[in-house]
Structures are given as C-alpha cells and as structure tokens.
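Everything below concerns the one structure shown next.
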Amino acid sequence: QQNVQQSPESLIVPEGARTSLNCTFSDSASQYFWWYRQHSGKAPKALMSIFSNGEKEEGRFTIHLNKASLHFSLHIRDSQPSDSALYLCAVSGGYKVVFGSGTRLLVSP
Amino acid sequence: EAAVTQSPRSKVAVTGGKVTLSCHQTNNHDYMYWYRQDTGHGLRLIHYSYVADSTEKGDIPDGYKASRPSQENFSLILELASLSQTAVYFCASSDRTGGSYEQYFGPGTRLTVL
C-alpha cells in the first residue's frame with residue numbers, strides 16, 4: 001500500500017526567501033506526482049504536477065522528481081505572505097490518489 | 001460557478017444518529033471521491049466511485065457508506081455517527097485526462113459529532 005510522507009511538518013520563512021518542501025513515496029510504479037495548496041478554511045487546489053524525472057517550473061514554483069530515490073520536492077522562489085498555506089503532496093498510479101499529511105508554511109512579512 | 005458543491009456546509013450531529021453528506025459535480029467527471037481531513041492534517045480516502053451505481057472502499061471505509069445514484073451525485077452516509085468521525089469532509093471529482101486524475105475539490109463539510 002502506498003505510503004506518502006512529507007517533511008518538514010511546518011516551516012516559517014521570511015518574505016523573499018527560497019522555500020523547499022519534500023515528499024517521499026513507497027510505490028515505484030507511481031505515475032503522477034502532485035502538489036496541492038490549501039489556504040486556511042478553504043478546499044485544496046492543485047498547484048502543479050509532474051510525471052517524468054527531472055524538473056518543471058511554473059512561475060515561482062519548481063517541482064523536482066527523482067523516481068529512483070522515491071522523492072519529489074517543491075521549491076518556492078521569492079516566497080510571499082500569500083504563499084502561507086498547508087501544502088499537500090499527492091501520488092497517483094491511476095484513479096486513486098494518496099496524499100501526504102502536509103507541510104504548514106508560514107511566510108512572515 | 002462552482003463545479004463541485006457540497007451540502008450541508010456544516011453540521012452538528014448526535015452520537016448514534018444518522019448523517020448524510022451530499023456532493024454534486026458539474027464537471028462531467030466519471031470519478032468521485034470522499035476524503036476526510038482532521039485538523040491541520042492531510043486527506044484520507046474513505047470511498048470512491050468511477051461509475052454511477054457503483055462504489056469502492058478507500059483506505060478508511062469503516063463506519064461509512066457511499067452512494068452514487070448518478071454521474072453528478074455522490075453521497076456519504078454515517079449510519080451511526082461517533083465522536084471519532086468529527087472532521088472536515090471533502091468531496092472531489094476527477095477524470096482521466098492525460099492520466100493525471102487531478103482532483104477538483106468541493107468546499108468541504110465541517111461535521112461535529114457530540
């Protein structure tokens with residue numbers, strides 16, 4: 001059964017800093033790797049995804065995936081207070097998606 | 001216009017009572033899911049469905065039933081609510097576009113069992 005773990009559990013960074021969030025998974029047959037963002041009191045919303053090894057950049061956000069290491073990460077450049085949220089990584093191998101327990105990010109002005 | 005809606009948005013139930021949470025989607029997606037989220041934590045899959053009139057057990061199905069009467073509607077039923085079922089419940093829909101199964105979430109239902 002897929003096991004998805006996130007680190008750190010929480011993180012406080014100053015505005016403008018580079019932030020790195022980590023996710024490990026256990027099933028090497030996993031196909032899609034996601035980051036979702038959930039602002040307080042709101043529903044999770046997909047931020048970005050990747051399916052092949054390497055990196056993908058969208059604006060200030062970059063995903064790195066290393067399937068051999070069973071690891072992927074999210075990097076936020078020039079962190080903003082509006083980035084403060086719960087970040088959930090997710091792994092899918094078909095229609096079933098398994099979520100990590102989340103990293104709570106606080107960006108201080 | 002929201003594509004996934006949930007009702008009610010919040011509910012207080014008594015221990016041992018029956019609770020029904022409803023979800024409606026206009027995404028024309030085949031797949032629908034029920035998750036629970038405990039305060040500040042990730043999402044755990046309760047039940048899911050990939051076609052009307054059929055449901056599948058997720059990772060934590062005990063104490064929950066699901067019903068998918070149509071492609072658009074998916075309900076979660078707690079026959080005998082317990083204190084441990086206090087949580088926020090999210091419904092989601094997805095399709096197989098590109099194989100990614102991106103989850104589109106509803107706004108959530110906050111359930112408190114007393």
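The structure presented is a predicted model; accordingly, all values stated were derived computationally and were not measured. Note on naming: letters A, B, ... go to the chains in the order of the sequence lines (proteins, then strands), and numbering restarts at 1 for each one.
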*Give a yes-or-no answer on whether the side chains of His75(A) and Ser73(A) include a donor-acceptor pair shorter than 3.5 Å.*
yes
_Does any backbone or side-chain atom of Gln38(A) lie under 4.5 Å from a heavy atom of chain B? Answer side chain, backbone, both or neither._
side chain
*Measuring heavy-atom distances to chain B, does Glu9(A) have an atom under 4.5 Å in its side chain, in its backbone, in both, or in neither?*
neither
*Side chain from CB out, backbone as N, CA, C, O: work out which of these in Tyr95(A) comes under 4.5 Å of a heavy atom of chain B, or both, or neither.*
both
*Could you point out which residue of Tyr48(B), Tyr101(B), Tyr33(B) forms a side chain to side chain donor-acceptor pair (under 3.5 Å) with Ser94(B)?*
Tyr33(B)
*asked:* Ring centres under 6.0 Å, that's the criterion: do His29(B) and Tyr104(B) meet it?
replied: yes
*Quick one: of Asp95(B), Leu43(B), Asp30(B), who has the most non-hydrogen atom pairs under 4.5 Å with chain A?*
Leu43(B)
*With a 4.5 angstrom heavy-atom cut-off, could you sort out which part of Tyr36(A) is near chain B: side chain, backbone, both or neither?*
side chain
*Tell me, out of Gly100(A), Ser92(A), Ala90(A), Pro44(A), who's got the most heavy-atom pairs with chain B below 4.5 Å.*
Pro44(A)
*Give a yes or no on whether the backbone of Tyr50(B) and the side-chain of Glu56(B) come within a donor-acceptor separation of less than 3.5 Å.*
no
*Do you see a donor-acceptor pair shorter than 3.5 Å between the side chains of Glu72(B) and His24(B)?*
no
